[in-house]
Q: 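Got a structure here, written out as structure tokens. Questions coming.
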Protein chains: 2
Amino acid sequence: MKTTSNTETELNIAAVERDTGLSKDTLRVWERRYGFPKPKRDSNGDRLYPQHQVDKLRLIRRLLDTGQRPSRIVSATPEDLSAMLDAHREQAGTSEQQVREQALLPLLQYLRLHRSNELVSGLHQALMKQGLQRFVIETISPLNEAVGEGWMQGDIDVAEEHLYTEQVQNVLRSAIGAHAASGGHPRVLLTTFPDEHHILGLLMAEATLVPEGASCVSLGTRTPLADIRGAAIDGNFDIVGLSFSIAYPARQAIEGLIELRASLPEHITIWAGGAAVKGKQRRLPGIRVISDLTDTVAALHEWRAAHPS
Amino acid sequence: MKTTSNTETELNIAAVERDTGLSKDTLRVWERRYGFPKPKRDSNGDRLYPQHQVDKLRLIRRLLDTGQRPSRIVSATPEDLSAMLDAHREQAGTSEQQVREQALLPLLQYLRLHRSNELVSGLHQALMKQGLQRFVIETISPLNEAVGEGWMQGDIDVAEEHLYTEQVQNVLRSAIGAHAASGGHPRVLLTTFPDEHHILGLLMAEATLVPEGASCVSLGTRTPLADIRGAAIDGNFDIVGLSFSIAYPARQAIEGLIELRASLPEHITIWAGGAAVKGKQRRLPGIRVISDLTDTVAALHEWRAAHPS
DNA sequence: TCAACTGTTTGTCCAAGACAAAATGAAAAC
DNA sequence: GTTTTCATTTTGTCTTGGACAAACAGTTGA
């Protein structure tokens with residue numbers, strides 16, 4: 001609890017939970033079982049995590065998402081972890097993506113050089129050229145991945161990541177607002193669970209749905225479950241769309257979604273998208289798991305086929 | 001951990017945390033100290049909260065936001081709690097504000113009725129009529145206060161407050177983007193400290209500065225101090241603007257600002273605005289405290305007077 | 001090839017204690 | 001009369017070590 005005044009790069013357990021998405025309980029039990037992380041202690045005996053341990057934890061989380069198990073990787077060296085990530089990267093066949101990134105390289109460069117003006121005009125140009133849907137799918141989505149990747153590897157710092165998020169938000173919100181399609185069907189309510197801060201996933205979903213004539217209402221991030229339920233019913237929505245970033249604990253996502261499913265009337269469809277729920281369709285009966293942005297459009301067509309007005 | 005199969009209206013502690021926003025630790029310590037909530041237990045001894053206890057917890061949370069203290073209200077009866085809410089409601093009616101609200105009443109009504117389309121067009125209309133600066137000062141700012149008030153009194157729920165924030169954000173971001181003034185002076189970096197989630201203050205500041213020809217770059221909310229410093233220096237900014245909502249602990253704001261002042265070179269001006277720092281100018285040497293939105297413009301003119309290019 | 005069984009791994013929950021930060025209220029100083 | 005300072009509660013978050021169900025991995029048998 002006590003904050004250290006000397007070194008700014010040591011985080012308490014709550015901050016690490018925020019930064020890594022690993023719960024306090026998990027952090028403590030890993031320390032007990034695997035000997036890592038091994039934080040320092042402040043004068044009160046409270047844990048203080050050095051920055052490099054937090055970085056390693058993020059790396060570990062990433063590997064967990066690829067199917068590795070904690071006992072195998074928590075006590076491994078950072079070098080081994082990087083090697084594992086690289087191995088997985090090879091396997092996933094990102095060659096196609098590498099090509100696409102060619103076109104994105106200038107945008108990434110602008111970001112790294114803090115040239116926000118150029119970044120904005122570059123984004124606008126791409127938007128004009130591709131149209132909203134293609135812009136989101138072919139530019140923003142891979143750019144997100146590249147930025148996330150860069151952040152993991154330390155090429156991109158917090159301020160740059162924030163700047164990126166802000167500018168993309170500006171562009172997307174303006175573009176969505178310009179469509180101004182009211183009265184369309186279905187009516188879609190978009191939001192995230194309370195611990196999810198990332199909004200780009202929501203905006204990207206909205207940006208792919210609005211051009212299809214759907215009527216979207218976004219509540220932004222961090223809406224408590226009970227309020228999602230209330231808003232969905234009161235607002236007479238057909239679909240509730242939830243977004244989960246890669247940082248969101250998959251377990252929490254699944255539990256929350258099952259609870260939400262149980263609390264909503266059957267005629268309201270639930271869509272769940274994002275890295276944390278990818279491939280979890282089997283564990284989420286009654287919920288449509290959206291595998292990627294193009295799948296959003298597919299899900300919309302499915303809904304319309306099943307609900308001829 | 002074990003989920004009950006019979007009654008769906010009993011939640012485990014993680015679900016209650018999600019629904020109420022009260023941490024597991026807090027729920028346990030309240031039970032120990034005040035005897036409420038008093039959940040049932042499943043076969044494994046894990047807590048199972050009946051729905052009515054969760055409802056009461058949400059009521060309690062609302063009262064906490066009005067300034068009540070847990071020891072006074074946690075063990076009170078639901079009737080007493082309702083009475084307290086009513087009492088607070090009576091007290092809060094400010095006459096001057098009532099007048100202003102006359103013009104804003106339609107907008108508030110749209111929000112309460114979840115008529116997001118009408119809300120958006122109402123906001124756009126006001127923006128067109130008043131221009132960006134006056135729109136922010138005369139419409140958005142008092143509307144914010146009215147929404148905050150309504151939230152305290154329970155007239156406006158979480159979902160409505162989120163909806164409001166989203167729509168205002170859309171309008172402001174579009175309007176700011178439309179100005180597209182690059183290369184102006186001074187260069188202003190806008191953001192908030194890590195625990196501050198509220199973004200409207202930042203956007204309102206940006207919306208008053210951009211029409212004056214300043215060049216604003218926003219990092220959004222929740223930027224760590226070290227990264228603010230880095231971005232300000234690397235980006236060659238003249239001014240760093242911080243926003244603090246009424247919910248931000250004043251003490252933390254002051255401490256953080258003093259630290260930031262010490263870590264930034266003297267030639268970079270710091271502006272601090274928002275309810276949490278209002279009237280704290282005396283305790284913040286070397287920092288320009290912005291008392292309200294009109295003062296933002298005044299501060300800009302001051303800076304220009306002191307820095308003839 | 002798939003289903004059922006078995007042992008291991010893993011995340012979440014529990015209890016009761018501790019302590020710093022925040023809030024309160026009273027006394028002192030401007 | 002207003003603000004500052006100090007002492008006393010209150011309150012949220014952190015601690016340890018133990019427990020157990022759900023998820024997983026591996027093997028056996030149909």
Side-chain angles (χ1 to χ4, degrees), chain A residues 1-5 11-18 20-34 36 39-49 57 60-61 63-64 67-75 195 249-256 258 279-280 282-283, chain B residues 1-5 11-18 20-34 36 39-49 60-61 63-75 195 247-256 276 279-283:
Chain A
M1 192 89 150
K2 187 185 172 191
T3 50
T4 47
S5 48
L11 309 179
N12 64 13
I13 196 167
V16 175
E17 179 180 40
R18 263 203 311 273
T20 64
L22 297 164
S23 79
K24 293 168 194 166
D25 277 322
T26 301
L27 289 167
R28 292 196 197 99
V29 89
W30 279 7
E31 183 180 344
R32 201 197 311 168
R33 285 183 186 148
Y34 315 121
F36 183 88
K40 301 183 198 171
R41 301 299 179 120
D42 69 7
S43 55
N44 192 35
D46 289 6
R47 291 171 173 79
L48 275 184
Y49 295 83
L57 283 170
I60 289 171
R61 235 201 87 89
L63 277 166
L64 286 185
Q68 295 287 339
R69 308 200 66 184
S71 57
R72 303 232 162 191
I73 58 174
V74 170
S75 44
D195 296 325
R251 205 192 181 87
Q252 249 184 68
I254 291 166
E255 251 182 61
I258 290 173
K280 301 287 195 294
R282 196 169 33 86
R283 292 217 259 159
Chain B
M1 192 87 151
K2 188 186 172 190
T3 50
T4 47
S5 49
L11 307 179
N12 64 14
I13 196 167
V16 175
E17 180 180 41
R18 262 200 309 277
T20 65
L22 297 163
S23 79
K24 293 168 194 168
D25 277 321
T26 302
L27 289 167
R28 293 197 196 100
V29 89
W30 280 7
E31 183 180 344
R32 199 197 311 168
R33 286 183 186 150
Y34 315 121
F36 182 89
K40 300 184 198 171
R41 301 298 180 124
D42 69 5
S43 55
N44 192 35
D46 289 4
R47 290 171 174 79
L48 275 184
Y49 294 83
I60 288 171
R61 221 188 116 76
L63 275 166
L64 286 184
D65 288 336
T66 72
Q68 294 287 337
R69 308 197 67 184
S71 58
R72 304 231 162 193
I73 58 175
V74 170
S75 45
D195 295 325
Y248 200 89
R251 193 196 152 93
Q252 245 184 74
I254 291 167
E255 253 180 55
K280 300 287 195 291
Q281 178 70 74
R282 200 166 28 82
R283 290 219 258 161

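A note on names: the letters A, B, ... follow the listed sequences, proteins ahead of strands, and every chain is numbered from 1. Computed over heavy atoms, backbone and side chain alike; hydrogens, waters and symmetry mates excluded.
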Q: Any side-chain N or O of S23(B) under 4.0 Å from OP1/OP2 of dT13(D)?
A: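 S23(B) to dT13(D) OP1/OP2: side-chain N or O found under 4.0 Å.
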Q: In whole Å, what is the span from the CG atom of L22(A) to the P atom of dT10(C)?
A: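 Rounding to the nearest Å, CG of L22(A) and P of dT10(C) are 13 Å apart.
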Q: Give the rounded distance in Å between these two atoms: CD1 of I254(A) and C1' of dA23(D).
A: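 After rounding, the reported distance stands at 11 Å.
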Q: Considering only heavy atoms from C-beta outward, does the side chain of I13(B) approach that of R28(B) to under 4.5 Å?
A: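 Touching, per the 4.5 Å side-chain cut-off.
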Q: With a 4.5 Å heavy-atom cut-off, do L64(A) and I73(A) have their side chains touching?
A: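 Result yes, sub-4.5 Å side-chain heavy-atom pair found.
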Q: Taking all non-hydrogen atoms of both residues, which atom of E17(A) and which atom of S23(A) are closest, and how far apart?
A: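 Residues E17(A) and S23(A), closest heavy atoms: OE2-CA, 3.6 Å.
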Q: Can you name the side-chain hydrogen bond (donor to acceptor under 3.5 Å, both in side chains) partners of R41(B), sequence neighbours left out?
A: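 Listed in chain order: E31(B).
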Q: Given atom CZ of R61(B) and atom C1' of dT11(D), what is their separation to the nearest angstrom?
A: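 The answer, rounded to whole Å, is 14 Å.
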Q: At less than 4.0 Å, is any side-chain N or O atom of R69(B) found next to OP1 or OP2 of dT11(D)? Yes or no.
A: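 Answer is yes, contact under 4.0 Å.
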Q: Nearest whole angstrom, please: distance from the P of dA21(D) to the CG of D42(B).
A: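 After rounding, the gap between these two atoms is 9 Å.
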Q: For the CH2 atom of W30(B) and the CG atom of D25(B), what is their distance to the nearest 0.5 Å?
A: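 Answer rounded to 0.5 Å: 12.5 Å.
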Q: Does some side-chain heavy atom of E255(A) sit less than 4.5 Å from a side-chain heavy atom of N12(B)?
A: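 Result yes, sub-4.5 Å side-chain heavy-atom pair found.
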Q: Any side-chain heavy-atom pair from L22(B) and I60(B) closer than 4.5 angstrom?
A: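 No - every pair of side-chain heavy atoms lies 4.5 Å or more apart.
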Q: Which protein N or O atoms sit under 3.5 Å from an N or O of nucleotides 15-19 of chain D?
A:
from	atom 1	to	atom 2	distance (Å)
dT15(D)	OP1	R47(A)	N	2.7
dT15(D)	OP1	R47(A)	NH1	3.0
dT15(D)	OP2	R28(A)	NE	3.0
dT15(D)	OP2	R28(A)	NH2	3.2
dT15(D)	OP2	R47(A)	NH1	3.2
dT15(D)	O5'	R47(A)	NH1	3.2
dT16(D)	OP1	R41(A)	NH1	3.3
dT16(D)	OP1	R41(A)	NH2	3.2
dT16(D)	OP2	R47(A)	NH1	2.9
dT16(D)	OP2	R47(A)	NH2	2.6
dG17(D)	N7	R32(A)	NH2	3.1
dG18(D)	N7	R32(A)	NH1	3.1
dG18(D)	O6	R32(A)	NH2	3.4

Q: Quick check for you: to the nearest 0.5 Å, what is the distance between T26(B) atom OG1 and R61(B) atom CZ?
A: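 Output value for this atom pair is 9.5 Å.
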Q: If the cut-off is 4.0 Å, is T26(A) near the phosphate of dT12(C), judged by side-chain N/O to OP1 or OP2?
A: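 T26(A) to dT12(C) OP1/OP2: side-chain N or O found under 4.0 Å.
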Q: Tell me: CD of Q68(B) to P of dA22(C), nearest whole Å?
A: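 Value for this atom pair: 21 Å.
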Q: Does the side chain of Y34(A) get closer than 4.0 angstrom to OP1 or OP2 of dT9(C) through an N or O atom?
A: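 For dT9(C), neither OP1 nor OP2 has a side-chain N or O of Y34(A) closer than 4.0 Å.
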Q: In whole Å, I'd like the distance from the CG atom of L27(B) to the P atom of dT12(C).
A: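 Rounded to whole Å, this separation is 16 Å.
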Q: Mapping G67(A) and P70(B) to their closest nucleotides on DNA chain D, which lands nearer the 5' end?
A: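 Its nearest nucleotide being more 5', the pick is P70(B).
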Q: Quick check on dT8(C): is either OP1 or OP2 less than 4.0 Å from any side-chain nitrogen or oxygen of S71(A)?
A: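 Answer no for this pair, as no side-chain N or O of S71(A) is under 4.0 Å from OP1 or OP2.
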Q: Atom CG of L64(B) and atom C1' of dG12(D): how far apart are they, to the nearest Å?
A: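 Roughly 12 Å, once rounded to whole Å.
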Q: Report the distance from atom CG of N44(B) to atom CG of D46(B), rounding to the nearest 0.5 Å.
A: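 It is 4.5 Å, given to the nearest 0.5 Å.
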Q: Tell me the bend of the helix from dT1(C)-dA30(D) to dC30(C)-dG1(D) as the angle between end helix axes, each from five pairs, rounded to the nearest 10 degrees.
A: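 Rounded to the nearest 10 degrees, the bend comes out at 50°.
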Q: What is the distance from CD of E17(A) to P of dG12(D), rounded to the nearest Å?
A: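 These atoms are roughly 17 Å apart.
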Q: Taking for each residue the nucleotide of DNA chain C bearing the nearest heavy atom, is the 5' side occupied by R72(B) or by W30(A)?
A: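 That would be W30(A).
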Q: Is the shortest side-chain heavy-atom distance between L11(A) and R18(A) below 4.5 Å?
A: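 Of all side-chain heavy-atom pairs linking R18(A) with L11(A), none is under 4.5 Å.
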Q: Is there a side-chain contact between K24(B) and the phosphate of dT12(C), meaning an N or O under 4.0 Å from OP1 or OP2?
A: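 Indeed not, no polar side-chain atom of K24(B) lies that close.
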